[in-house]
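Note that these values count all heavy atoms, side chains included, but never hydrogens, waters or copies made by symmetry.
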Number of protein chains: 2
Amino acid sequence: MNIATVNKISRPSKKQRIDTIVESARSIFCSHGFEKGSIEDIAKDAGIAEGTIYSYFDSKRGLLNEVLRRHYSIFFDDIEQTLLSIEGPRNRLRYLIRRTLIIISEDRNMCGLRTLYAREIDDKRPSLSHDQNRRMAGLMENEIKAGMEEGSFRPDTSSRIACYMIGGALELTEYSYLRTGKPIDIDKVTDSIWQMIRGGIESREATTEPLARLIERLEHVTDRLDPM
Amino acid sequence: MNIATVNKISRPSKKQRIDTIVESARSIFCSHGFEKGSIEDIAKDAGIAEGTIYSYFDSKRGLLNEVLRRHYSIFFDDIEQTLLSIEGPRNRLRYLIRRTLIIISEDRNMCGLRTLYAREIDDKRPSLSHDQNRRMAGLMENEIKAGMEEGSFRPDTSSRIACYMIGGALELTEYSYLRTGKPIDIDKVTDSIWQMIRGGIESREATTEPLARLIERLEHVTDRLDPM
DNA sequence: ACAGAATAATGAATTTAACTCAATTATCGA
DNA sequence: TCGATAATTGAGTTAAATTCATTATTCTGT
């Protein structure tokens with residue numbers, strides 16, 4: 001009876017099986033891409049039958065979603081934790097920008113999957129990528145709003161558009177990295193985005209210098225008329 | 001012999017045939033989406049055989065590219081023309097932002113195709129969408145650089161990142177419109193982006209407070225010189 | 001320890017849709 | 001009018017996701 005028991009191939013737990021599938025999927029999608037990496041490849045890699053994958057996942061797309069969800073949810077958890085220890089909306093916003101760039105730099109393959117295939121509008125439910133972007137955008141918008149309340153950001157700014165500008169710049173930086181493979185200079189990009197956010201590109205000379213000169217002259221005149 | 005000649009279905013010119021195919025493809029892709037709109041559908045709509053499509057286009061993807069290329073190249077030509085008649089980098093940059101939003105608003109289906117399917121990295125050639133984004137980004141970058149030379153934009157800004165921020169914000173606005181269908185408030189979005197670009201979100205307290213103090217003093221002085 | 005119920009895994013069959021190509025039809029030049 | 005050339009056809013091929021009847025394993029109550 002032991003022999004019989006031993007000969008039977010014992011099955012891994014549900015969790016283990018899912019882990020195996022997702023890990024194989026990650027590996028295949030990263031090396032071949034989503035479209036060229038087939039379910040057959042994944043099943044082979046995981047050492048199981050194709051049908052088994054379908055008893056755990058609705059579709060190839062659903063499998064991709066899970067691969068991405070697992071990869072990025074780790075970062076989100078960490079980011080939300082780290083934010084708690086950073087003081088001030090400015091610093092937190094800057095951290096979010098920088099951190100995003102680091103994540104992008106760390107795994108080009110995964111970003112490729114996310115960028116190229118996860119943006120879908122499937123009639124019904126919004127895509128995972130959309131959820132993740134919302135989550136990140138939400139974190140940023142929080143900081144922008146906090147900054148406005150605190151008085152360090154202009155209250156007449158559209159926080160939504162500010163988020164779009166930051167998020168959009170990060171996405172395009174990511175896409176450029178994807179295409180060219182040229183490493184991202186994280187400090188430089190962070191600083192550039194940060195500078196744009198803070199001060200825009202309008203030259204300060206035009207408005208502030210004449211104004212400063214005027215203030216000086218008026219103060220001078222006022223001093224004479226109304227000595228303090 | 002005339003009868004024979006008449007019975008023969010005369011073939012349209014090469015150009016006409018291609019036009020028909022592209023127009024049917026546009027119609028089918030717009031109504032069903034790229035993935036769900038099949039070559040069979042397109043052939044049926046155009047009143048031809050599937051094989052004929054393949055004698056004019058390499059692949060379904062290539063057909064999509066042509067649909068998009070035709071749609072957007074018209075706008076680009078017009079934009080480049082219009083730019084010539086606008087004075088100053090600021091105005092031209094603002095026009096580019098506004099105009100892009102108008103194009104997005106005008107055809108949601110087409111933007112859906114562009115946004116969702118045209119971003120690809122096909123090992124070899126960059127995607128059409130990429131080319132178009134480059135073209136638009138190029139136009140914007142020109143204006144930003146011109147603005148720097150002219151002295152109205154800060155010269156220490158990264159024009160690349162500035163483009164990414166503008167382009168990224170436009171893309172995200174587009175995507176949001178795609179998902180929700182909520183009309184874009186073109187003026188408001190243009191103004192918000194424009195404001196961020198020009199002045200950033202940093203509070204102007206540093207300059208406004210001294211100014212406020214001065215105003216107070218001036219009012220005081222004026223009261224004395226010219227009592228009400 | 002065992003029967004049988006419940007659950008999981010299998011892989012061959014189905015389906016779908018892009019793409020091919022040999023055969024057919026139309027056009028063109030002499 | 002007759003080949004030669006080019007365009008069109010649509011049935012056939014291929015590839016890959018998805019399904020499902022069958023088989024294998026595990027679990028449960030006795």
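- Taking A:D77 as the reference, A:R135 meet the side-chain contact (heavy atoms from CB on, under 4.5 Å) condition, with sequence neighbours excluded.
- Applying the salt bridge (charged side-chain N to carboxylate O under 4.0 Å, His left out) rule to B:E150 yields no partners; only residues at least two apart in sequence or on another chain are considered.
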What pairs of nitrogen or oxygen atoms, one from the protein and one from nucleotides 11-17 of chain C, lie under 3.5 Å apart?
none

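- Counting only residues at least two apart or on different chains, no salt bridge (charged side-chain N to carboxylate O under 4.0 Å, His left out) pair has a member in residues 104-113 of chain A.
- Evaluation of the side-chain contact (heavy atoms from CB on, under 4.5 Å) rule for A:S59 yields A:R61 as partners, not counting sequence neighbours.
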Canonical and wobble pairing (Watson-Crick, G-U, under 3.5 Å) of DNA chain D, dot-bracket with |: ||||||||||||||||||||||||||||||
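- Applying the side chain to side chain donor-acceptor pair (under 3.5 Å) rule to A:E35 yields no partners; only residues at least two apart in sequence or on another chain are considered.
- Looking at residues two or more places apart in sequence or on another chain, you find no side chain to side chain donor-acceptor pair (under 3.5 Å) involving B:S73.
- Not counting sequence neighbours, A:K182 has no partner by the salt bridge (charged side-chain N to carboxylate O under 4.0 Å, His left out) test.
- Every salt bridge (charged side-chain N to carboxylate O under 4.0 Å, His left out) that A:D191 has, sequence neighbours left out, goes to A:R94.
- Looking at residues two or more places apart in sequence or on another chain, you find no salt bridge (charged side-chain N to carboxylate O under 4.0 Å, His left out) involving B:R17.
- A heavy-atom distance below 4.0 Å to DNA chain C is reached by none of the residues of residues 21-29 of chain B.
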